[in-house]
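All residue numbers refer to positions in the sequence shown, counting from 1.
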Amino acid sequence: MVEDKIGGARVNHMCEFFKQFGSIKRLRIARNKKAGKSKHFGFIEFESPEVAKIVAECMHNYLLFEHSLQVHIIPTEKVHPKLWYGVTHRYKPLNWTQIERNHHNKERTLEEHRKLVERIMKRDKKRQLKIEAAGIDYECPEIVGSVQAVPKKIKFAED
């Protein structure tokens, strides 16, 4: 097993590059769960341990994809049992815009709406105190709103 520090390269490119030394059993590039970008390290398992030793000797401090590789052999007993879990899974980035949109537009209970209005009023009160402390004579317009939640969807009675 060989651990190497890599930079942003695709699995296919890495696989093709390291195939020149011998047959590769598994290859894993660590990725950030949120953004999907490379964490700049990965693991390669070769069919033969002799090939792994040769790769470790030849490729240590080798410049690949604008990054210097730090290649080390990891003993089998130090390999975490879940290292290869999900290797075949293709990363699909989360649509954070849609997640935030759903969170913002969700139906709120009367209690959630009341808390939201209270936070807005508290923030406005703080802002008014800062304006007065600065010596500015300004009459802030009142925030128009009610504590009662307005339904987002209007339901009509069917005949």
Side-chain angles (χ1 to χ4, degrees), residues 1-19 23-47 63-72 74-159:
M1 177 121 13
V2 176
E3 173 193 10
D4 60 318
K5 196 154 180 126
I6 56 178
R10 295 180 180 220
V11 175
N12 295 341
H13 294 281
M14 297 300 293
C15 201
E16 288 299 318
F17 183 80
F18 283 101
K19 269 186 186 175
S23 58
I24 296 173
K25 198 172 180 182
R26 293 182 276 198
L27 172 74
R28 178 183 189 139
I29 295 177
R31 296 194 171 279
N32 180 317
K33 287 181 185 176
K34 213 171 192 180
K37 294 181 181 178
S38 172
K39 288 186 176 181
H40 302 287
F41 70 92
F43 302 92
I44 301 174
E45 184 177 15
F46 289 97
E47 295 285 339
L63 188 65
L64 180 67
F65 299 113
E66 300 174 2
H67 290 274
S68 178
L69 296 180
Q70 300 300 311
V71 184
H72 306 284
I74 300 174
T76 312
E77 59 273 1
K78 288 195 173 187
V79 175
H80 194 277
K82 292 186 177 181
L83 174 69
W84 301 108
Y85 177 75
V87 170
T88 56
H89 174 73
R90 285 199 60 108
Y91 175 77
K92 183 180 175 191
L94 295 173
N95 186 350
W96 288 103
T97 306
Q98 188 63 41
I99 291 169
E100 287 300 317
R101 183 178 294 132
N102 291 342
H103 179 71
H104 180 77
N105 293 335
K106 75 174 184 172
E107 293 287 329
R108 289 186 173 80
T109 64
L110 185 60
E111 180 63 25
E112 288 173 333
H113 183 75
R114 188 183 58 73
K115 282 183 180 180
L116 179 72
V117 171
E118 283 178 5
R119 280 194 308 259
I120 291 171
M121 298 298 278
K122 185 179 176 183
R123 199 168 42 233
D124 187 55
K125 187 89 167 164
K126 248 187 194 178
R127 188 178 302 118
Q128 286 177 4
L129 290 173
K130 281 184 180 179
I131 291 171
E132 288 174 12
I136 300 171
D137 185 30
Y138 178 71
E139 187 68 34
C140 295
E142 278 192 42
I143 295 177
V144 179
S146 67
V147 178
Q148 290 285 16
V150 179
K152 291 190 179 192
K153 297 177 185 166
I154 300 171
K155 296 180 183 176
F156 295 99
E158 293 183 25
D159 294 326

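Distance check: Ile136 CD1 to Lys130 NZ gives 12.5 Å after rounding to the nearest 0.5 Å. Note: Ile44 CD1 to Arg28 CZ = 13.5 Å, rounded to the nearest 0.5 Å. Once rounded to the nearest 0.5 Å, the distance linking CG of Leu63 with CG of Leu69 reads 8.0 Å. For the atom pair CZ (Arg101) and CG (Asn95), the distance works out to 7.5 Å, reported to the nearest 0.5 Å. Rounded to the nearest 0.5 angstrom, Arg26 CZ and Leu83 CG are separated by 7.5 Å.
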For residues 117-127, which side-chain donor-acceptor pairs fall under 3.5 Å, sequence neighbours excluded?
from, atom 1, to, atom 2, distance (Å)
Glu118, OE1, Arg114, NH1, 3.4
Glu118, OE2, Arg114, NH1, 2.3
Asp124, OD1, Arg127, NH1, 3.4
Asp124, OD2, Gln128, NE2, 3.2

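Between Trp84 and Phe43, the ring planes are perpendicular. Angles over 60° get that label, and only those under 30° would be called parallel.
Summarising the local packing, CD of Gln98 is surrounded by more than 12 heavy atoms from other residues, nucleotides or ligands at distances under 6.0 Å. The number of heavy atoms from other shown groups lying within 6.0 Å of CD (Glu66) does not exceed 12.
Using a cut-off of 4.0 Å between Lys/Arg side-chain N and Asp/Glu carboxylate O, Lys19 and Glu16 are scored as salt-bridged.
Arg108 and His104 get closest at one heavy-atom pair: NH1-O, 3.3 Å.
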